[in-house]
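Shown next, in structure tokens, is the structure this report addresses.
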Amino acid sequence: MTAPPGEHAWWDEGVLYQVYVRSFRDADADGVGDLDGVRERLDHLAWLGVDGIWLSPIHPSPNADWGYDVADYRDVTEGYGGLAAFDRLVADARSRGIRVILDLVPNHTSDRHPWFLDARTGRDAAHRDWYVWADPGPDGGPPNNWLSVFGGSAWEFDERSGQYYLHQFLRQQPDLNWWNDEVRDAFDAILRFWFERGAAGFRIDVAHAIIKDRELRDDPFLPVEDGKIPDPRAFAQEAEIYSHHRPEVHRVLRRWRSIADAYDPRRVLIGETWARDLPDLARYYGDGEGLNLAFNFAFATAPFDGEALTTVIGATERALGDEAWPLWTASNHDIGRLASRWAEGDDARIRCALFLLVLLRGTPVLYYGDEIGLCDVAVPPSQRLDPGTRQDGSGRDDGRTPMIWTSSRGHGFTADDVEPWLPFGSGHRAVDVQRDDPDSILSWCRAVIALRRSREELRRGGQSPLDAPPGVVAWRRDLGGGLRSIVAAANVAATEARVTLARGPVLLATDGVDTGARDEVVALPPWGCVAVELPADG
Ligand code: GLC
């Protein structure tokens with residue numbers, strides 16, 4: 001059982017929503033989304049019940065990694081409307097009670113960032129030590145065995161200076177040197193710049209790996225067969241003890257937290273934390289002095305299976321304890337969409353996934369399109385634009401295709417005579433159709449969020465697991481002190497299940513759950529869900 005937290009920030013109680021800006025809404029009809037487009041859809045987000053949006057990177061970028069290669073941290077790319085569009089968005093969002101969270105990319109810059117252009121001019125350059133440089137290894141090759149997430153060595157040779165620079169991602173994304181105090185100062189100023197401009201916080205890219213082993217020691221990789229460079233995705237994260245997961249990162253996070261906490265209202269820091277295990281994830285919260293929220297990829301990448309989810313939810317609760325607040329997501333621009341990953345496009349499964357995300361103790365982060373059950377689009381290899389591939393070989397573009405607002409040719413994303421930057425795919429059910437249909441995924445998603453918004457137990461209550469047959473995730477949310485509580489059960493399985501829940505009014509249920517005069521045993525159809533209120537001391 002975890003107790004309700006003593007203090008409640010808006011991001012604990014609220015619902016967050018990731019906007020992949022390029023694909024959300026294209027206001028200027030050039031085939032690419034923009035910030036005025038996001039502004040035009042704020043009413044949809046307010047209607048849905050969203051409290052905060054996280055925008056994928058909006059800065060000027062050569063787009064080698066679609067904005068995650070930043071060329072200027074203090075500007076907004078003209079393609080998205082520049083700084084003025086950001087100001088308009090923040091103002092209009094604020095008037096609807098929606099906060100705007102930015103994506104901070106501190107691990108690396110673009111190779112076209114002025115800092116790197118200078119660093120490259122020679123060993124004595126003012127910004128040389130802002131990046132990670134090293135002499136060749138004894139054989140003249142890379143300084144150590146670290147691998148790029150996108151494949152191959154993480155080191156690129158620089159002819160001019162005869163040294164290598166580190167890039168955990170593309171060679172166009174040189175890693176910053178977080179041992180350098182000037183880098184730390186520069187980012188302090190970047191945080192303040194955006195906080196003062198109205199940003200409600202940051203999602204921090206690669207928060208688990210911004211600082212590297214100072215001695216650049218080899219990672220203890222599994223044996224390399226036939227001298228081949230191994231695929232980094234094949235390695236357990238435990239192997240990456242020097243290139244990732246350095247304990248020194250927590251000092252940097254604490255430093256940012258003290259900056260964020262100094263604002264009124266406080267600003268939120270959310271980490272992209274590919275932690276090694278759940279106790280490791282808990283450390284990113286730093287006993288209340290680190291991140292406010294940390295992405296839980298053990299949950300997001302678990303199979304959609306009641307037993308697996310019960311295990312990971314229980315382990316999360318145990319690791320995070322009463323003080324740290326979990327974050328639940330199952331889709332993003334890297335891993336793809338829950339409607340495909342977890343549900344194979346099946347409505348009942350999508351409903352079940354949304355029920356879990358929104359009603360578990362913690363903050364849900366929906367990815368744009370989750371609310372309509374948008375599936376990934378199989379973008380043919382010839383049309384792929386992104387350099388990354390997922391573990392199964394599919395491209396990350398598949399989960400980044402444009403939002404489907406209407407059934408017209410441009411789907412309300414762009415003008416009907418404009419080609420979108422990525423294909424729409426087919427077979428989707430648009431927002432406007434689903435809005436008018438009480439049985440749609442969108443109506444369900446809104447109802448689950450509305451339930452959360454209306455009940456303090458769900459927004460801020462503690463949680464305890466309930467006994468349930470295999471396949472059923474069942475839990476109780478309450479504020480302690482014998483007050484009223486809510487129990488919820490989700491049958492994350494393809495077979496019917498019977499679960500014993502105390503008697504009380506049914507607050508929400510999927511079709512097929514008997515919500516009439518029932519006894520304490522509820523029959524849940526495959527993927528069926530129910531939330532029941534228990535009176536005080538029930
Ligand atoms: C994060 C982003 C991903 C990007 C990478 C490098 O994992 O989510 O999209 O490619 O960082 O910035």
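Model, not experiment: these values are computed from the prediction. Indexing begins at 1, ligand by ligand and atom by atom, following the structure's order. One-based numbering along the sequence shown.
Note: H44 and W405 meet the aromatic proximity criterion, with ring centroids under 6.0 Å apart. Aromatic ring centres of F202 and W11 lie farther apart than the 6.0 Å criterion allows. You'll find the ring centres of Y285 and W325 outside the 6.0 Å limit.
Residue contact annotation: R396 has a non-hydrogen atom under 4.0 Å from ligand 1. In this structure, W274 has no heavy atom closer than 4.0 Å to ligand 1.
Ligand-side atoms of ligand 1 in range of R400: 9 (O), range being under 4.0 angstrom from any heavy atom. Contact atoms of ligand 1 toward H333: 2 (C), 3 (C), 8 (O), 9 (O) (distance under 4.0 Å to a heavy atom of the residue).
In this structure, atom 2 (C) of ligand 1 lies nearest to the protein heavy atom D205 OD1, 3.1 Å. Looking at atom 9 (O) of ligand 1, its nearest protein heavy atom turns out to be D334 OD1, 2.7 Å.
Of the heavy atoms in F150, only side-chain atoms (C-beta onward) come closer than 4.0 Å to ligand 1. Looking at N107 against ligand 1, nothing comes within 4.0 Å, counting heavy atoms. Contact annotation: for R203 versus ligand 1, heavy atoms closer than 4.0 Å belong to the side chain alone.
Between R171 and D111, no side-chain nitrogen of the basic residue sits less than 4.0 Å from a carboxylate oxygen of the acidic one, so the salt-bridge criterion is not met.
Side chain of T414 to backbone of D26: no donor-acceptor contact under 3.5 angstrom is found.
Using cut-offs of 30° and 60° for the angle between ring planes, the W115 and F187 rings count as perpendicular.
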